[in-house]
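Just the heavy atoms: all of them, side chains too, but no hydrogens, waters or symmetry mates, feed the values below. Numbering starts at 1 and runs along the sequence shown. Order of listing sets the numbers, starting from 1, for every ligand and every atom in it. Bear in mind the structure is a predicted one, so any value in this text is a computation, not a measurement.
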Amino acid sequence: MDDRPIGMFDSGFGGLTVARALFDLLPGEDVVYVGDTGRYPYGPRPLDQVREFARQISAFLVAEHDVKMVVIACNTAAAAALELLRFEYDVPVVGVIDPGVRAAVSATRNRRVGVVGTVGTISSGAYQRAVRALRSPVELTCCACPGFVEFVERGETESEQVHVLAERLLTPLRAAGVDALLLGCTHYPFLARTIGDVMGRDVVLVSSADETAFEVRSILTDTGLGRRSEGKGCHRFASSGDALWFKELGSRLLGLDVGEVERLEWDGPYNEERQWP
Ligand code: DGL
């Protein structure tokens, strides 16, 4: 048994979809969440750069918070860095891609599955590889959706503009006749109403959040790393962007008060100046 916290991270607010599933399934675990809002979006960046961000955040979680596990609650970062982080750290490292694929494959009836994600995730080929590794006879249609993440980070999840963008970006998936659509970016469940409206009622939207939480639970059980102490776990949040904005929008999206948000400053050349809403 191990009372250290679980560490998790995303480029911003998207990983809160996974955090919420984890809090609900494992209410006794302590969790530290890092939202790299100062450097989002990851999707359009070269994978090498995202890999460096993922290493930097994981090093912070391990060194400063002594986490017992790292959950990469971001598809782009998982596509870029999962293997490397597993190699570099002794603690278990969990991604969202394989859990999402398992959930989508079991949700489809007509064996036509769609995946939407960032440009980085889709062009990495990580989903195609994950489906192949499962040896499941599904036909996969992948579609990058640049722009979706920015809407979520601005807290704009149901506007007319995001609907218009979704109509345009999701056209190939409708044409492919998919009956299950995997939200292969952890920000996208916040756009589920819009995406669901555009795809129609016959298409099941699949998020990797629950399946990832189940994977975390089985690793904790199998390795004996579950928390020993009784009682509700403590959840801490840190952001490399505006801490007040993280607190405000994070609490709204998570449906829970995130409390005080630690402000992170990274060394490095990629910290852009931003205007916060
Ligand atoms: N939420 C992330 C993902 O799952 C990254 C989005 C972004 O920063 O572009 O891919």
Side-chain angles (χ1 to χ4, degrees), residues 8-22 33-54 56-58 70-82 85 93-101 103-104 114-128 130 142-157 162 165-166 169 181-192 195 205-213 215 237 239-241 245-246 249-250 253-254 266 270-272 274 276:
M8 56 194 305
F9 70 91
D10 176 53
S11 66
F13 295 102
L16 294 178
T17 54
V18 184
R20 181 70 218 219
L22 210 64
Y33 180 99
V34 172
D36 199 6
T37 37
R39 301 188 295 198
Y40 96 92
Y42 281 4
R45 294 183 183 271
L47 284 187
D48 283 354
Q49 200 180 83
V50 175
R51 192 171 302 125
E52 282 316 305
F53 295 171
Q56 198 175 26
I57 299 169
S58 303
V70 173
V71 180
I72 311 177
C74 170
N75 293 259
T76 317
L82 179 67
L85 295 181
V93 180
V94 177
V96 281
I97 293 178
D98 289 326
V101 165
V115 180
V116 278
T118 66
V119 170
T121 302
I122 299 301
S123 58
S124 74
Y127 273 100
Q128 293 87 331
C142 298
C143 201
C145 294
F148 275 6
V149 166
E150 288 83 344
F151 275 102
V152 175
E153 292 283 325
R154 288 200 298 270
E156 207 182 313
T157 50
V162 73
L165 181 64
L169 294 174
L181 177 60
L182 174 53
L183 306 178
C185 168
T186 52
H187 281 72
Y188 296 177
F190 293 125
L191 301 174
I195 296 173
L205 301 188
V206 181
S207 138
S208 52
D210 287 335
E211 194 67 24
T212 303
E215 181 157 327
F237 298 84
S239 164
S240 57
W245 176 241
F246 194 93
L249 182 60
L253 293 173
L254 187 66
W266 305 123
Y270 306 115
N271 297 306
E272 292 130 26
R274 268 183 202 291
W276 303 98

Trainee: Got the closest protein heavy atom to atom 10 (O) of ligand 1, with its distance?
Mentor: Thr76 OG1, 2.6 Å
Trainee: Taking ring pair (Phe, Tyr, Trp, His ring centres under 6.0 Å) as the definition, give me every residue that meets it alongside Phe148, ordered by chain and number, with sequence neighbours left out.
Mentor: Tyr188
Trainee: I need the atoms of ligand 1 closer than 4.0 Å to a non-hydrogen atom of His187, numbered in the order shown.
Mentor: 1 (N), 2 (C), 6 (C)
Trainee: Give yes or no for whether the N/O distance cutoff of 3.5 Å, strictly under, is met between Gly43 and ligand 1.
Mentor: yes
Trainee: Using only atom types and a distance under 3.5 Å, with no angle test, would you say the side chain of Ser240 pairs donor to acceptor with the backbone of Gly38?
Mentor: yes
Trainee: Below 4.0 Å, non-hydrogen atoms only: which portion of Val96 touches ligand 1? Side chain, backbone, both or neither.
Mentor: neither
Trainee: Donor-acceptor pair, Tyr42 side chain versus Ala77 backbone, under 3.5 Å?
Mentor: no
Trainee: Counting N and O atoms only, with roles assigned by atom type, does the side chain of Trp245 sit under 3.5 Å from a partner on the main chain of Glu153, one being a donor and the other an acceptor?
Mentor: yes
Trainee: Applying the side chain to side chain contact (heavy atoms under 4.5 Å, CB included) criterion to Thr212, which one of Val96, Ile97, Leu22, Thr186 satisfies it?
Mentor: Val96
Trainee: Thr118 to ligand 1: N or O pair under 3.5 Å?
Mentor: no
Trainee: For ligand 1, which atoms have a heavy atom of Ser11 less than 4.0 angstrom away?
Mentor: 5 (C), 6 (C), 7 (C), 8 (O)
Trainee: Side chain, backbone, both or neither: which part of Val149 comes within less than 4.0 Å of ligand 1 when only heavy atoms are counted?
Mentor: side chain
Trainee: Walk me through whether Val101 and Leu182 qualify under side chain to side chain contact (heavy atoms under 4.5 Å, CB included).
Mentor: CA-CA 7 Å; Val101 165; Leu182 174 53; 4.3 Å; yes
Trainee: Can you check whether Tyr42 has an N/O within less than 3.5 Å of an N/O in ligand 1?
Mentor: yes
